[in-house]
Structures are given as C-alpha cells and as structure tokens.
Amino acid sequence: MKLNATILYSCVDDEKEEASTPPSESSPPAPASIVVGYAFTSKKKKSFLKPKFIRFARNKGIQFVPIDLKRALSEQGPFNIVLHKLEGRDWSQVIEDYQRLHPEVTVVDPPEAIQHLRNRQSMLEVVADLKFPESYGKVCTPRQLVISKNPTSVPDEVVKAGLSVPLVVKPLVVDGSVKSHALFLAYDHISLSELEAPMVLQEFINHSGVLFKVFIVGESIKVVRRFSLPDLTETDISTNSGVFGFPRVSGADSSADDVDLDPAVAELPPQPMLEMLAKELHHRLGLRLFNLDIIRQKGTKDLYYIIDINYFPG
Ligand SMILES: Nc1ncnc2c1ncn2[C@@H]1O[C@H](COP(=O)(O)OP(=O)(O)OP(=O)(O)O)[C@@H](O)[C@H]1O
Ligand SMILES: O=P(O)(O)O[C@H]1[C@H](OP(=O)(O)O)[C@@H](OP(=O)(O)O)[C@@H](O)[C@@H](O)[C@@H]1OP(=O)(O)O
Ligand SMILES: [Mg+2]
Ligand SMILES: [Mg+2]
C-alpha cells in the first residue's frame, strides 16, 4: 500500500480542541475502508492521535484501532496497515512474526530498519554514503566521534580525531526517553570526562539559528523552519569553559515559518535536493516515516548538514 501526501496533515489548532473533545476511540465505529491498527507509547498517542486528525481520517474512510499489547496480534484486526512506535526487542519480534504471517498487511515500518535510527552513529552513516550531483548543493554530516565506554581518555581521543571545541554532546542511543534527548555543549576537552558514555561528540556548526525539518512520508516531503541554537562567536568560544546542558530546542513550538527572517537565512533548501534525499534515504533506510533535521552553514548558500534523523516524528 502506498503512503502518500494525504498523511502530511497539519493539526495546528488541535491543542484547544483536544481539551473539549472526548477521546475519539470511544465514538461509535464508522464504516471504514482502511483499518489502521496502532501501537504507540502514550506520548506518541497524545501527540499523533489528536481528535481532529482522527475525524479527518474517518472522513477519508480510515479508522484507527488500538492494538491490545496483552493479546496476540494475529488474533486482532483484520488490519490493512499496522502503524507502530514502541521500544524493545520483544515488540520487534511480535511485529516481525506478524509480518511473516500476514504479508498482505502493510507494516509501517520494519523494526530492523527503524533500529538504524536508534543510534546517532548509524543514523548518519547512510547519509555519508550518499552521492549526488553537487549542483543540488552539498550535503554532509558533522564530523563526530563515538565514545562508547566511560570516558577518562576522551580529551586524548578528541585531539586524535582532530575535533575541536565547541562540541555538541549527544547520547548515542535514541530510545524516545527524555534522557536520550539530553544534549550538552562542551567548551573544553577536559570537562568531557564528566559526561556519561555512550555518547557522540559532534562538531558544532554555526547555522544562523534556523533549522529545516524535512518530513518524509514515502516519497512525499514537507519542510518547515524551526528556531535552533544560536551561532557561537569567537568570544563565546574563548571565554566559556565547561559543559552546559541545553533544553530541547527546535520542537514543534519553535516554528520559524511566519517570522521575519533575513531572506538568505529563511530560504528553504532547494526542492530537487530534498527530493533526491527523500528518495535515496527512503530506499536506503527502508523506512516510510521519518524526518531529517538539516542546517545550512552560516555564510554559505548551499552547504548543508544533516544533524539528526528521527523515526515517525511529530
Ligand atoms: N552539530 C550541531 N551544530 C549546531 N547545532 C546543533 C548540532 N546538533 C544539534 N544541534 C542543535 O541541537 C538541537 C537538538 O539536536 P538533535 O536534533 O540532534 O537532538 P534530538 O534530541 O535528536 O532532537 P529531536 O527532538 O529532533 O529528536 C538541534 O535542533 C539544533 O538546534
Ligand atoms: O511528540 P512530538 O510531536 O513533539 O514528536 C517528537 C517525537 O516524539 P513522539 O514520537 O514521542 O511524539 C520524538 O520522538 P522520540 O525521539 O522521542 O522517539 C522526535 O521524533 C522529535 O523529533 C519529534 O518532534 P518534532 O520535532 O517532530 O515535532
Ligand atoms: Mg533533532
Ligand atoms: Mg532526534
């Protein structure tokens, strides 16, 4: 089954509505031509299955049915599509067994492919291998070093890897937990020993404080602007020391789409480049629902970095 741009739907006004609308799963079932069984964390259920979206889908003949995790999946349904965002090996096994038994059901997406994005090293490796014409703009990933064990030797490893501060420090594993989104900025090598491995140390790229979120559904694309970390000046770098945790930035509440920005900063990455990225990564990752976080290096017109890839984002 082909996923298309119909799903690239906006729920901008849902917060208000959510408070006054009863959960739609308790509404009487409507005749549906497509039944989507879903298994989400409670966080995902809240952010994705908003009443307005459920109504929108129902009007298109699409019904969302919760999967009961306590019962065998094969005894539930029948489903046309299974949509899932849950952690753990047991769940992956359930999905793989189900797909084997029910090849007629579209499972979005295969656990093995999702696993690729649960590690900040493997998620960017696939980008590093991409080759396409530079006329589209140059796309790279920031240089980064993986620290897998506890890190007394980090300062040496950083020097050996040719990395220099400031560095963005990110937990290696991305498992949906708050901890996996706890990021730090490190202004000196020595303080890096205080942080908890496994982690990646990534070069900081000045990008004028704006990030492009490229949402990919199959081969459809939607790109939005979000505020991001501000540029670091030479003075910041020479006067600061230590490591600083920074709060979640570039979330859904940080839209920079309707803001008066310098046009050179606001300009979206070229559409042919995004189309090529979406197509290539969709195939290489074997995933249909993901997003790329892309920044453009400050002062350049076409030097882009992919800094993060998220499975089944908001
Ligand atoms: N290499 C970098 N250079 C400059 N800024 C960066 C870099 N990496 C991350 N950032 C900033 O930190 C923010 C969070 O980084 P990242 O997207 O990797 O974290 P995350 O926890 O995976 O976030 P998400 O909520 O998108 O999953 C980015 O939105 C950007 O503002
Ligand atoms: O909850 P939101 O709608 O903010 O979605 C966020 C999503 O959380 P959810 O999948 O649990 O909902 C996050 O997933 P985990 O890494 O934590 O698994 C990650 O993909 C963020 O980039 C998404 O934020 P976005 O930047 O796309 O808005
Ligand atoms: Mg991100
Ligand atoms: Mg992420």
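As the structure lists them, so they are numbered: ligands from 1, and atoms in each ligand from 1.
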Review point. Does at least one non-hydrogen atom of Arg248 fall below 4.0 angstrom from an atom of ligand 2?
Key: yes
Study note, to complete from the structure: Near Lys213 (heavy-atom distance under 4.0 Å), the atoms of ligand 2 are 22 (O), 26 (O)
Practice item. Return yes when Arg248 approaches ligand 1 closer than 4.0 angstrom through a heavy atom, no otherwise. Key: yes
Practice item. Mind checking whether Gln297 contacts ligand 1 via backbone (N, CA, C, O), side chain (CB onward), both or neither, at a 4.0 Å heavy-atom cut-off? Key: neither
**Study point:** Heavy-atom nearest option to atom 14 (O) of ligand 2, drawn from Lys43, Lys85, Lys46, Lys44
**Key:** Lys85
Check your understanding: With a 4.0 Å cut-off on heavy atoms, is Phe40 touching ligand 2?
Key -> no
Review point. What atoms of ligand 2 come closer than 4.0 angstrom to any heavy atom of Ala252?
Key: 28 (O)
Practice item. Answer with yes or no whether His207 contacts ligand 1, where contact means a heavy atom under 4.0 Å from a ligand atom. Key: yes
Exercise for review: Kindly confirm or rule out an N or O of His181 lying under 3.5 angstrom from an N or O of ligand 2.
Suggested key: yes
Exercise for review: Show which atoms of ligand 2 fall inside a sub-4.0 Å distance from at least one heavy-atom site of Phe312.
Suggested key: 10 (O)
Check your understanding: Does any N or O atom in Pro313 lie less than 3.5 angstrom from one in ligand 2, N or O only?
Key -> no
Study note, to complete from the structure: Here the atoms of ligand 2 under 4.0 Å from any heavy atom belonging to Ser47 are 1 (O), 3 (O), 12 (O)
Practice item. Just let me know how Arg120 lines up against ligand 1, side chain, backbone, both or neither, with a heavy-atom cut-off below 4.0 Å. Key: side chain
